Amino acid sequence: MEFIVQKTIEAVKVLFDQNIEASAVTLQETRKEFEGDITIVVFPFTRFSKTSPDATATAIGAYLINHVTEVADFNVIKGFLNLVIADSYWVNRFKIACNTPNFGFAQPNGQKVMVEYSSPNTNKPLHLGHVRNNLLGYSVAEILKGAGYDVAKVNLVNDRGIHICKSMLAWKKFGNGETPASSGLKGDHLVGKYYVIFDKEYKKEIDALKATGVAEDDAKKQAPLMIEAQLMLKKWEEGDKEVIDLWKMMNGWVYEGFDETYKKLGVNFDKYYYESNTYLLGKEIIEEGLQKGVFFRKPDSSVWIDLTEDGLDQKLVLRSDGTSVYMTQDMGTAQLKYGDFKMDKSVYVVGNEQDYHFKVLFLILNKLGKEFAKGSYHLSYGMVDLPSGKMKSREGTVVDADDLIQEMIDTSREYTEALGKVDDFNDQEKVELFRKIGLGALKYHILKVDPKKRMMFDPSESIDFQGHTGPFIQYSYARIQSVLRKSGSSDFTYGEVFPLNKDERELIQQLDKFPSVIIDAADNYSPAVIGNYLYELAKAYNKFYHDNPILKPEISQHDRNFRLQLSKLTGDVIKRGMGLMGIEVPERM
RNA sequence: GGUUCCAUAGCUCAGUUGGAUAGAGCAACGGUUUUCUAAACCGUCGGUCGCAGGUUCGAAUCCUGCUGGGACUACCA
């Protein structure tokens with residue numbers, strides 16, 4: 001509505017002889033209890049109009065109606081200037097949208113962005129927290145594509161370290177050669193089982209030591225299992241064949257399990273990075289930083305950065321024994337990734353528990369003068385809380401990703417079969433539909449919440465299929481496809497300018513927003529923006545559908561085709577928008 | 001202790017440059033189907049926007065303090 005802003009500036013100049021900036025013109029959608037489409041807030045103008053808000057609004061309204069063809073009418077209520085925009089304008093916008101291939105998606109903007117997400121540890125299966133991460137990362141990547149970026153999705157797998165050795169050691173000691181094939185367990189679940197066993201046995205040892213009078217902190221360090229795990233890590237780093245073989249075998253199990261879960265979630269990656277290949281990186285950057293005076297070395301030869309001037313503390317970047325810490329690796333990996341992709345932006349989808357880490361990382365990269373520091377962004381999402389509180393892997397209070405997905409599919413099957421609408425579906429079609437609806441419900445439920453906020457997830461309360469949900473939007477799509485099929489045509493040409501009714505206008509206005517919604521979602525890295533928009537769109541369509549016959553005999557050819565075209569575009573936008581959230585839509589449901 | 005994020009209806013959430021009487025969904029209650037899919041549509045009920053000040057013509061939104069909750073603050077990742 002840029003032209004309204006420009007004409008308002010003009011009106012203010014002519015009427016009150018005042019030059020104002022475009023930012024001084026506040027436009028908002030007219031609240032639906034009032035007549036009009038666009039509202040101008042004129043309070044700021046009263047300072048120089050020297051008249052009441054109502055008089056100011058009336059004067060501007062009168063000017064606009066005489067100088068802007070699109071302004072058909074106006075009214076003033078309590079100092080708010082409500083403009084009625086001509087139907088011809090909306091019809092024209094609609095026609096343009098229909099003639100735009102991939103309406104909503106921006107043209108390529110020539111910029112490259114990397115989205116790193118998922119980044120699992122290979123010692124346990126994925127849980128609800130990872131699900132949020134994966135859904136967010138995938139969706140944000142798709143949204144960025146929709147906004148014109150060239151996107152690379154990458155997964156940085158944490159496949160080494162003491163926690164991995166714990167699973168390996170427990171399996172070696174207590175596993176009796178158990179494999180996914182012999183146990184029937186999914187690989188990641190099998191490895192996770194031994195991670196839990198390690199913790200249990202380790203605790204026993206700690207308790208035994210404490211009983212002999214050893215202090216807790218010392219007991220944790222002295223426990224034989226911990227000593228053995230650390231020895232194993234050392235052997236791994238030395239390339240000990242036996243340890244490496246075990247590591248390869250067990251990680252292989254985990255990857256098979258992850259691949260299955262990723263496939264079910266519908267997420268994917270353009271490239272995998274493994275920490276076993278990157279954990280030694282970053283040491284040359286330490287040298288670089290020391291030379292540039294960004295880092296300093298302490299007498300024990302550990303290396304630090306002083307961030308007190310930035311309101312933070314001193315931070316270790318290299319241990320006294322010369323080995324890397326997480327920060328060292330991340331500096332090196334950032335450099336590696338930039339070398340591989342030369343991206344303009346780099347998004348890290350990581351939970352907000354690591355806010356401090358990324359703040360420091362980006363600060364360091366900036367101080368080192370890295371060209372990629374400026375484009376780095378930590379998409380910091382909130383934790384997923386259960387009614388019982390926070391999820392803790394070791395305490396078994398996690399919601400497993402595979403279980404959750406299966407429960408959603410089962411629930412969707414029960415719900416759908418109870419409605420009795422799928423009796424003529426064959427088995428294959430049913431399986432597909434239940435999967436689409438179950439995952440649609442889950443994904444929408446998680447993605448509709450602002451990523452930055454913590455969210456509550458109650459697994460016992462099965463996710464709804466009515467109201468503000470994924471299935472509601474999927475259903476709207478299926479309905480549209482049903483109407484289009486029944487029309488028996490695909491040529492929806494209709495005549496020229498004509499009056500719109502309220503529902504039609506509302507729907508067109510909603511559709512008209514789609515391109516700007518995608519940009520907004522991309523700028524804010526927020527699938528929730530798309531989700532809320534699609535809900536509003538589906539609501540507008542359902543209202544329209546309910547009150548406006550399309551295929552009835554009494555409907556004129558013109559109205560019929562116009563409404564079919566309106567339905568068609570709505571369906572396209574829903575499908576495209578849901579695709580940005582990684583949600584599929586069924587042709588029938 | 002320090003840093004930081006959060007607090008909106010019984011529940012889950014919208015509310016993005018400060019704008020009208022703070023909105024949805026669920027739950028509860030009521031209505032709509034011989035008519036293109038009722039996973040829908042319409043209505044009723046439900047609020048001290050954590051509390052107290054401040055800035056402003058105007059504050060859920062900005063500032064300060066307080067209360068309550070989370071996270072971070074390791075030679076862990």
Side-chain angles (χ1 to χ4, degrees), chain A residues 23 26 28 30-31 33-34 39 41-44 46-47 53 77-80 82 119 121 158 161-163 275 298 300 302-304 311-313 315-321 323-327 329-330 351-357 359 380 382-383 385 387 389-390 412 415-416 418-419 421 437 441 445 448-450 452-458 461 463-476 478-487 520 523-524 526 528-529 531-532 535-536 538-539 541-553 555 560 563-564 567 588-589:
Chain A
S23 61
T26 311
Q28 59 189 51
T30 303
R31 294 174 66 108
E33 63 260 40
F34 304 113
T39 295
V41 181
V42 302
F43 290 98
T46 57
R47 195 162 44 81
I77 297 172
K78 293 169 72 175
F80 290 86
N82 302 322
S119 306
N121 292 339
N158 185 342
I162 189 71
H163 50 296
E275 280 199 22
K298 286 194 176 177
D300 67 358
S302 59
V303 180
W304 297 72
L312 304 173
D313 299 325
K315 187 81 188 169
L316 177 91
V317 292
L318 193 71
R319 291 195 188 98
S320 52
D321 64 3
T323 58
S324 303
V325 289
Y326 187 38
M327 194 63 74
Q329 291 178 43
D330 267 8
N352 64 12
E353 58 204 347
Q354 294 193 36
D355 283 355
Y356 185 74
H357 174 78
K359 207 169 170 180
S380 164
M383 298 290 100
D385 291 321
K390 204 188 169 183
S412 100
Y415 192 92
T416 304
L419 288 175
K421 293 185 182 182
I437 296 175
H445 184 81
K448 77 172 177 183
V449 181
D450 182 341
K452 291 193 273 295
K453 295 192 176 175
R454 303 166 53 185
M455 65 174 289
M456 172 68 129
F457 188 95
D458 188 345
E461 252 176 51
I463 296 174
D464 282 320
F465 293 80
Q466 291 175 24
H468 190 180
T469 66
F472 170 88
I473 298 168
Q474 290 173 316
Y475 174 71
S476 307
R479 258 184 161 179
I480 289 168
Q481 302 318 305
S482 176
V483 176
L484 296 178
R485 273 193 305 273
K486 286 189 176 162
S487 76
D520 187 21
D523 288 347
N524 291 293
S526 175
V529 170
N532 288 312
Y535 175 60
E536 294 300 326
K539 261 209 307 198
Y541 185 81
N542 279 314
K543 170 104 174 110
F544 160 80
Y545 177 92
H546 186 269
D547 296 342
N548 299 272
I550 300 170
L551 301 176
K552 304 293 174 194
I555 300 304
R560 174 189 157 103
R563 288 173 182 174
L564 281 167
S567 300
R588 294 174 59 200
M589 71 183 271

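Below, each value reflects all heavy atoms present in this structure, side chains not excepted, and no hydrogens, waters or symmetry copies. So that the names make sense, note that chain A is the first sequence line, chain B the second, and so on, each numbered from 1. Here the structure is a predicted model, which means the values were calculated and not measured.
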When you measure from the side chain of [X], which nucleotide among [options] comes out closest?
{"X": "Asp464(A)", "options": "rC26(B), rC36(B), rA71(B)", "value": "rC26(B)"}
{"X": "Lys543(A)", "options": "rC42(B), rC75(B), rA14(B)", "value": "rC42(B)"}
{"X": "Gln466(A)", "options": "rC26(B), rA14(B), rU73(B)", "value": "rC26(B)"}
{"X": "Arg479(A)", "options": "rA38(B), rC41(B), rA7(B)", "value": "rA38(B)"}

In Watson-Crick or G-U wobble terms, both distances under 3.5 Å, what is the partner of [N]?
{"N": "rA71(B)", "value": "rU3(B)"}
{"N": "rC29(B)", "value": "rG43(B)"}
{"N": "rU16(B)", "value": "none"}
{"N": "rC51(B)", "value": "rG65(B)"}
{"N": "rA22(B)", "value": "none"}

Roughly how many Å apart are [M] and [N], using the [atom1] atom of each and rounding to a whole number?
{"N": "rG15(B)", "M": "rA20(B)", "atom1": "P", "value": "15 Å"}
{"N": "rC45(B)", "M": "rU3(B)", "atom1": "C1'", "value": "44 Å"}
{"N": "rG46(B)", "M": "rC29(B)", "atom1": "C1'", "value": "12 Å"}

Does [X] make a side-chain N or O approach to OP1 or OP2 of [N] shorter than 4.0 Å?
{"X": "Lys453(A)", "N": "rA14(B)", "value": "yes"}
{"X": "Lys486(A)", "N": "rU37(B)", "value": "yes"}
{"X": "Arg319(A)", "N": "rC76(B)", "value": "yes"}
{"X": "Lys78(A)", "N": "rU21(B)", "value": "yes"}
{"X": "Arg485(A)", "N": "rU37(B)", "value": "no"}
{"X": "Ser482(A)", "N": "rU37(B)", "value": "yes"}
{"X": "Arg563(A)", "N": "rC36(B)", "value": "no"}

Quiz item: Can Phe80(A) be classed as stacking with the base of rG19(B), given a centroid separation cut-off of 5.5 Å and a plane angle cut-off of 30°?
Solution: no
Exercise. Decide, applying a 5.5 Å centre-distance limit and a 30° plane-angle limit (both strict), whether Phe34(A) stacks on rA20(B).
Key: yes
Looking at every strand, decide which applies to [X] at a 4.0 Å heavy-atom threshold: base, sugar-phosphate, or nothing.
{"X": "Arg588(A)", "answer": "base"}
{"X": "Glu275(A)", "answer": "sugar-phosphate"}
{"X": "Thr39(A)", "answer": "base"}

Quiz item: Are Tyr541(A) and Phe544(A) close enough that their ring centres sit under 6.0 Å apart?
Solution: yes
Any donor-acceptor pair under 3.5 Å joining the side chain of [X] to the base of [N]?
{"X": "Ser476(A)", "N": "rA40(B)", "value": "no"}
{"X": "Ser320(A)", "N": "rC75(B)", "value": "yes"}
{"X": "Asn82(A)", "N": "rA20(B)", "value": "yes"}

Quiz item: Would Asn352(A) and Arg454(A) count as having a side-chain donor-acceptor pair, cut-off 3.5 Å?
Solution: no
Quiz item: Is it the case that Ser380(A) and Asp355(A) place a side-chain donor and acceptor less than 3.5 Å from each other?
Solution: yes
Quiz item: On RNA chain B, nearest-nucleotide positions of Ile437(A) versus Met383(A): which is more 5'?
Solution: Ile437(A)
Practice problem: Map Leu312(A) and Ile77(A) onto RNA chain B by nearest heavy atom, then report which one ends up closer to the 5' terminus. | Solution: Leu312(A)
Exercise. Kindly assign one of parallel, tilted or perpendicular to the pair Tyr326(A) and His357(A), based on the angle between their ring planes and the thresholds 30° and 60°.
Key: parallel
Quiz item: For the pair made of CZ in Phe472(A) and P in rA40(B), what is the distance, rounded to whole Å?
Solution: 6 Å
